[in-house]
Colleague: 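There's a structure below that I have some questions on.
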Amino acid sequence: MSQPAALIFPERAINQRGQLLVISAEPARLEALTRQLERNYTVYTAADAEAACRIMTETLIEVVLADQRLPDMLGSELFRMMRTEFPDTVRLLHTADNDPQALIAAVNEGGVYRILSHPCDPAELTDAIREAFDHYSGAIQNRRLLKDLQAAKGVLEQRLAERASDDPEAANHLRALDEQRAAFMGMAAHDLRSPITVVLGFTDLLLDERTPPEDHREFIEVIRESMHDMLALLNDLLDISAIDSGNLKLRTTEVNLKRFLNRVLRLNRRIGEQKQIWLEAEIEPNLPDFRFDRQRIEQVLNNLISNAFKFSHSGTTVTLRVRRIEAGVEFSVTDQGLGIRDDEIGRIFDAFEKMSNRPTANEPSTGLGLSICRRIVELHHGIISVESQLGKGSRFTFTLPQAD
């Protein structure tokens, strides 16, 4: 089957009854599901992926229920295509396949809202479809709210423009705050949606009595990783908000650099070893105690080393160098990774910026870490910079001045 060309949903009103597409190669199943569901929804049916794509391009489908085994491709593969062309549609997968890796791929790549085991209890199916339509309605309402906010933003910008001649500095400050608010909302909505979907999908599988007990641990690990991703994003958003609002206060103390750096190296070496990347250290001997916020500078180093791991291949080396300079102390993290394009280096420390290079093992990234690093260093009255050569690696350097 040839893949459908990129098409956009037709602009049409949402059917009050809800529009459901059921995809199955079994005529009896299509007939039974139509009888069960047509009382509450407008039901469309397709016997294969090609027919399903044709319906999707012609009709505003809100929820899709597909069998995993289709004549022309797997249901999870079809959902992966739909996720790009029809991102709003809520996808439910019906499968007798208990292969954990296949189910994980279906959730991660196809954006599956729920996985229903075969055979599925009719009452459970009815509840799942109702919840899917509720989820779709909530997403549409959020989009309308965002549209209203954007309209309000336009009015605000107009008023700011009218007042800019009287107080241009205040107008620019308010405009920057409004743009940051919009970025925060878009970032949180986009990046939290995916892990939440994963958690919901695998929680359903754990609650399903037909899921083999030996699969439980793997599903729990997937849930834990997704929750970790969400927590990392929320922590980054809170840090950015605290810094920008002036509420992040440094707790500076005299730090023994040798003990401090040994801790950083010990923790990060374990992370690097998981990817077979080696973390080496070149630390000037007899470094004196230095005054800074231990927790926040450790956060900076952890972020720079973590980024070096993310954008490097297995078998390479990341090097942490620390030396005394005339004005204070200099830290640098050098990798042998992908490097940064010349036209992107200028934006590397901006909030919400994600570069064209993707992590080599698909590790998650919020796009906020380097911006937080820059702001923490600047709160210490230091400077952070980067040098990079595309395809050969990068070197991030920051200096902290000696406190008076």
Side-chain angles (χ1 to χ4, degrees), residues 236 239-240 242-244 246 248-269 271-272 277-312 316-342 344-351 353 355 368-390 392-404:
D236 282 354
D239 280 345
I240 285 285
I243 293 169
D244 286 347
L248 182 66
K249 305 300 181 184
L250 297 181
R251 296 182 174 89
T252 60
T253 59
E254 289 291 329
V255 178
N256 182 295
L257 277 174
K258 181 178 180 180
R259 287 200 295 267
F260 170 76
L261 293 169
N262 282 341
R263 169 184 164 82
V264 171
L265 290 166
R266 184 174 65 255
L267 295 177
N268 283 283
R269 275 177 174 145
I271 298 172
I277 296 175
W278 320 122
L279 177 58
E280 296 184 351
E282 296 179 9
I283 299 173
E284 183 178 308
N286 303 318
L287 287 170
D289 290 355
F290 213 80
R291 190 170 186 84
F292 53 78
D293 186 319
R294 176 194 301 267
Q295 178 183 351
R296 291 300 177 178
I297 294 303
E298 181 174 338
Q299 180 181 356
V300 171
L301 286 172
N302 288 342
N303 195 289
L304 295 179
I305 295 171
S306 173
N307 270 3
F309 291 155
K310 286 180 184 178
F311 294 94
S312 297
T316 58
T317 298
V318 171
T319 304
L320 170 64
R321 294 183 176 91
V322 184
R323 65 188 182 102
R324 184 70 190 265
I325 58 175
E326 183 177 354
V329 64
E330 178 187 87
F331 303 80
S332 69
V333 176
T334 305
D335 64 57
Q336 301 168 336
L338 302 178
I340 306 164
R341 284 172 27 182
D342 290 343
E344 294 180 337
I345 284 185
R347 297 183 285 112
I348 196 71
F349 293 108
D350 293 344
E353 291 289 345
M355 302 297 104
L368 292 171
L370 289 177
S371 178
I372 293 171
C373 289
R374 175 177 62 83
R375 297 176 195 212
I376 290 174
V377 170
E378 289 176 350
L379 283 174
H380 283 82
H381 305 291
I383 298 172
I384 189 168
S385 61
V386 60
E387 304 169 75
S388 185
Q389 189 171 356
L390 192 63
K392 294 188 176 181
S394 303
R395 179 175 184 258
F396 286 83
T397 303
F398 69 95
T399 59
L400 299 180
Q402 180 67 59
D404 296 331

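As a basis for the values below, the full set of heavy atoms in this structure was taken, side chains included, without hydrogen atoms, waters or symmetry mates.
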Colleague: Between R294 and E298, is the closest basic N to carboxylate O distance under 4.0 Å?
Modeller: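 Looking at R294 together with E298, the answer is no, because their closest N to O distance does not fall below 4.0 Å.
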Colleague: Could you grab the distance from atom OG1 of T317 to atom CH2 of W278, nearest 0.5 Å is fine?
Modeller: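 CH2 of W278 is found 8.5 Å from OG1 of T317.
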Colleague: To the nearest 0.5 Å, tell me how far I297 CD1 sits from F331 CZ.
Modeller: 6.5 Å
Colleague: Give me the one residue out of L257, V329, V300 that meets side-chain contact (heavy atoms from CB on, under 4.5 Å) with F292.
Modeller: L257
Colleague: Could you tell me the separation between the CZ atom of R347 and the CG atom of L370, rounded to the nearest 0.5 Å?
Modeller: 12.5 Å
Colleague: Specify the closest pair of heavy atoms between R324 and P288, including all atoms of both residues, with the distance to one decimal.
Modeller: NH1-CG, 3.1 Å
Colleague: Could you report the tightest heavy-atom contact between V377 and I384, atom names first, then the distance?
Modeller: CG1-N, 4.1 Å
Colleague: Is the backbone N or O of I345 less than 3.5 Å from a side-chain atom of R341, with the two atoms forming a donor-acceptor pair by type?
Modeller: no
Colleague: For the pair D335 (side chain) and G393 (backbone), establish whether a donor and an acceptor sit closer than 3.5 Å, ignoring hydrogens and angles.
Modeller: no
Colleague: In terms of side-chain geometry, is the basic nitrogen of E282 or R321 positioned less than 4.0 Å from the acidic oxygen of its partner?
Modeller: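 Between R321 and E282 there is a salt bridge, with a charged N closer than 4.0 Å to a carboxylate O.
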Colleague: Closest heavy-atom contact between G339 and S388?
Modeller: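 G339 and S388 have their closest heavy atoms at CA-OG, 3.3 Å.
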Colleague: Under the criterion side-chain contact (heavy atoms from CB on, under 4.5 Å), I'd like the reasoning laid out for I340 against F311: C-alpha separation, chi angles, the key distance, then a yes or no.
Modeller: CA-CA 10 Å; I340 306 164; F311 294 94; over 6 Å; no
Colleague: Check whether any side-chain N or O of E387 sits under 3.5 Å from a backbone N or O of R395 as a donor-acceptor pair, and report yes or no.
Modeller: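 Pair absent, no side-chain N/O of E387 close to backbone of R395.
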Colleague: Considering residues, nucleotides and ligands other than L287, do more than 12 of their heavy atoms fall under 6.0 Å from its CG?
Modeller: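 Enclosed: over 12 neighbouring heavy atoms sit under 6.0 Å from CG of L287.
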Colleague: Is there a side-chain contact between L390 and D342 (heavy atoms, below 4.5 Å)?
Modeller: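 Side chain of L390 against side chain of D342, heavy atoms only: no contact under 4.5 Å found.
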Colleague: Just do the side-chain contact (heavy atoms from CB on, under 4.5 Å) check on L261 and V322 with the steps written out, would you?
Modeller: CA-CA 9 Å; L261 293 169; V322 184; 3.8 Å; yes
Colleague: Does Q299 offer a backbone N or O that forms a donor-acceptor pair with the side chain of N303 under 3.5 Å?
Modeller: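 Such a contact is absent between N303 side chain and Q299 backbone.
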Colleague: Quick check for you: to the nearest 0.5 Å, what is the distance between F396 atom CZ and I305 atom CD1?
Modeller: 12.5 Å
Colleague: Could you tell me the separation between the SG atom of C373 and the CZ atom of R296, rounded to the nearest 0.5 Å?
Modeller: 11.0 Å
Colleague: State, yes or no, whether a side-chain contact exists between E330 and E284 at a heavy-atom distance under 4.5 Å.
Modeller: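 Side-chain contact under 4.5 Å: no.
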Colleague: Nearest heavy-atom pair of I271 and F309: which atoms, and what distance?
Modeller: CG2-CD1, 4.0 Å
Colleague: Which pair of non-hydrogen atoms, one from L379 and one from L250, has the smallest distance, and what is that distance?
Modeller: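 Result for this residue pair: O-CD1, 3.5 Å.
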Colleague: Keeping the roles fixed (side chain from H380, backbone from D293), state whether a donor-acceptor pair exists under 3.5 Å.
Modeller: yes
Colleague: Once rounded to the nearest 0.5 Å, what's the spacing between atom CG of L301 and atom CZ of R263?
Modeller: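 One finds 11.5 Å between CG of L301 and CZ of R263.
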Colleague: So, S332 and T397: side-chain donor and acceptor under 3.5 Å apart, yes or no?
Modeller: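 Checked: S332/T397 side chains show no N/O donor-acceptor pair below 3.5 Å.
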